[in-house]
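Inspection log for the structure reproduced underneath, given as structure tokens.
Remember, it's 1-based here, ligands and their atoms both numbered in the order they're listed. A quick note: this is a predicted structure, and the numbers were derived from the prediction, not measured.
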Amino acid sequence: MKRNPTIKIFQDELELAAGFAEILIERLAYVSTGDKFSWMLSGGSTPKKIFRFIADRYIEKIDWQKTQLFWGDERLVPPDHQDSNFKMVRESLLKYIPMKKNQVFRIKGENDPVSESIRYSRLVKENVKQEGGWPVFDLVMLGLGQDGHTASIFPGMQQIIRSKALFEISEHPISKQKRITATTALINHAKEVVFIVTGPSKAAIVKSIFNTDDANEKYPASLINPQGKLMWYLDQSAASGI
Ligand code: 6PG
């Protein structure tokens, strides 16, 4: 990790979820009417809990009309499949919020992955404001795997780590499930990136990422070093080793 991120440690998942919801409220307050706030969502069980919490407690407090949603990664399955990241977000958040279809940009996991990465990259370019030829997301939410992966960028995936494309095809190293993922370069052009990491099972990888000198080469998550802000939101159990 090259730059010092802002690390916030919350007592538990609920406090962390509230902290994340507050980021949304604060950032949206600065978005002018007519402008759109682009939020790249993450898959995984931790973000799912955050979405549920927001759906439960923050629906009325968030200005959904100014928000547009994108996915940082998707599994190559149809949208009603249990592994679909779109389905996870739909069931934990989307079905409760007043958002129009044209604010929600899902990766179509049912499509051919090569043409879908091209289609989705185009969609992102058309709908997210650009600087220097790169789409700049207002907020990227990321999870962390126990092996140091983030989005679907797994350790050793040099092609995705070095790619100058916006999205690439990936494969889960154990299940071999194919996925489409945002590249390191796209994420690093964001205005703000927030890692959401909770639970004791993440303590060892969090410790390695923050305390190992060559973590950069080993763990894709430590290559996330955006031009904007970098925040790590941890609960106490995930942060117990740092
Ligand atoms: C996915 C993710 C992935 C996830 C981490 C953490 O689609 O699975 O985008 O990067 O965020 O694996 O997942 P958990 O929160 O379930 O541990």
Side-chain angles (χ1 to χ4, degrees), residues 10 12-14 16-17 19-20 39-54 69-79 81-94 105-110 113 116-117 120 124 137 139-157 160-161 166-184 186-188 190 193-209 218-224 226 230-235 237-240:
F10 297 86
D12 54 34
E13 262 170 14
L14 286 186
L16 188 154
F20 185 80
W39 175 12
M40 184 191 273
L41 306 166
S42 168
S45 56
T46 321
K48 182 177 174 181
K49 290 181 209 152
I50 307 286
F51 299 145
R52 286 221 172 117
F53 176 87
I54 292 175
L69 302 179
F70 296 84
W71 273 253
D73 67 334
E74 182 57 283
R75 294 90 186 269
L76 293 183
V77 294
H81 190 282
Q82 56 170 9
D83 291 345
S84 162
N85 278 344
F86 171 73
K87 179 181 160 91
M88 181 277 275
V89 179
R90 186 183 58 206
E91 288 179 357
S92 52
L93 181 67
L94 284 179
F105 300 88
R106 76 174 177 94
I107 300 175
K108 295 188 174 170
E110 67 275 31
E116 180 57 15
S117 337
Y120 199 66
V124 165
F137 277 89
L139 180 65
V140 173
M141 176 192 209
L142 291 174
L144 174 70
Q146 289 179 42
D147 59 357
H149 78 259
T150 193
S152 285
I153 313 169
F154 293 92
M157 292 191 163
I160 302 178
I161 290 167
L166 306 188
F167 288 84
E168 290 278 2
I169 299 165
S170 170
E171 185 181 276
H172 190 282
I174 296 164
S175 70
K176 303 292 175 199
Q177 182 183 52
K178 292 257 192 291
R179 297 164 170 211
I180 289 176
T181 185
T183 59
T184 312
L186 175 59
I187 297 170
N188 280 342
V193 175
V194 185
F195 276 92
I196 304 290
V197 190
T198 64
S201 67
K202 302 287 169 70
I205 184 65
V206 169
K207 182 177 178 197
S208 304
I209 286 178
K218 287 196 204 145
Y219 308 122
S222 54
L223 293 165
I224 301 303
L230 176 60
M231 318 256 273
W232 280 77
Y233 272 30
L234 308 166
D235 71 356
S237 52
S240 61

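- Using the six-membered ring where Trp is involved, H149 and F154 have ring planes that are tilted, between 30° and 60° apart.
- The closest non-hydrogen atom to atom 3 (C) of ligand 1, taken over A151, G143, G72, G145, comes from A151.
- Judged by the shortest distance from any of its heavy atoms, R75 lies inside the 4.0 Å radius around the atoms of ligand 1.
- Classified by interplanar angle (parallel below 30°, tilted 30° to 60°, perpendicular above 60°), the ring pair Y233/F10 is tilted.
- Looking at S152 next to ligand 1, no N or O pair under 3.5 Å apart turns up.
- Considering only non-hydrogen atoms, atom 13 (O) of ligand 1 lies nearest to G44 out of A182, G199, G44.
- Distance from atom 5 (C) of ligand 1 to its nearest protein heavy atom, with residue and atom name: H149 NE2, 3.5 Å.
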I'd like a table of donor-acceptor pairs (distance under 3.5 Å, sequence neighbours excluded) in which one partner is a side-chain atom from residues 193-202, with atom names and distances.
from: T198; atom 1: OG1; to: E13; atom 2: OE2; distance (Å): 3.1
from: K202; atom 1: NZ; to: L144; atom 2: O; distance (Å): 2.9

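- Annotation: atom 15 (O) of ligand 1 to nearest protein heavy atom, T46 OG1, 2.5 Å.
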Please tabulate, one pair per line, all N/O donor-acceptor pairs under 3.5 Å involving side-chain atoms of residues 176-184, not counting sequence neighbours.
from: K176; atom 1: NZ; to: P173; atom 2: O; distance (Å): 3.2
from: Q177; atom 1: NE2; to: D83; atom 2: OD2; distance (Å): 3.1
from: K178; atom 1: NZ; to: E171; atom 2: OE1; distance (Å): 2.7
from: R179; atom 1: NH1; to: S152; atom 2: OG; distance (Å): 3.0
from: T181; atom 1: OG1; to: S152; atom 2: N; distance (Å): 3.0
from: T183; atom 1: OG1; to: A165; atom 2: O; distance (Å): 2.8
from: T183; atom 1: OG1; to: L166; atom 2: O; distance (Å): 3.3
from: T183; atom 1: OG1; to: L186; atom 2: N; distance (Å): 3.2

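- Classified by interplanar angle (parallel below 30°, tilted 30° to 60°, perpendicular above 60°), the ring pair F20/W39 is tilted.
- Under 4.0 angstrom from ligand 1, the non-hydrogen atoms of K202 all belong to its side chain.
- Heavy atoms from other residues, nucleotides or ligands lying under 6.0 Å from CZ of R90 number more than 12.
- Set against the non-hydrogen atoms of N85, the atoms of ligand 1 under 4.0 Å away are 7 (O).
- In the vicinity of S42, heavy-atom distances shorter than 4.0 Å reach the ligand 1 atoms 9 (O), 11 (O).
- Near D73, meaning under 4.0 Å from one of its heavy atoms, ligand 1 places the atoms 1 (C), 2 (C), 7 (O), 9 (O).
- Taking atom 6 (C) of ligand 1 as the reference point, the nearest protein heavy-atom neighbour is L144 O, 3.4 Å.
- Backbone and side-chain nitrogen or oxygen atoms of G43 are examined, and one is located within less than 3.5 angstrom of a nitrogen or oxygen of ligand 1.
- Summarising the geometry, atom CG belonging to L234 is positioned 7.5 Å from atom CG belonging to L16; distances are rounded to the nearest 0.5 Å.
- Around the NZ atom of K48, the shell of radius 6.0 Å holds no more than 12 heavy atoms that belong to other residues, nucleotides or ligands.
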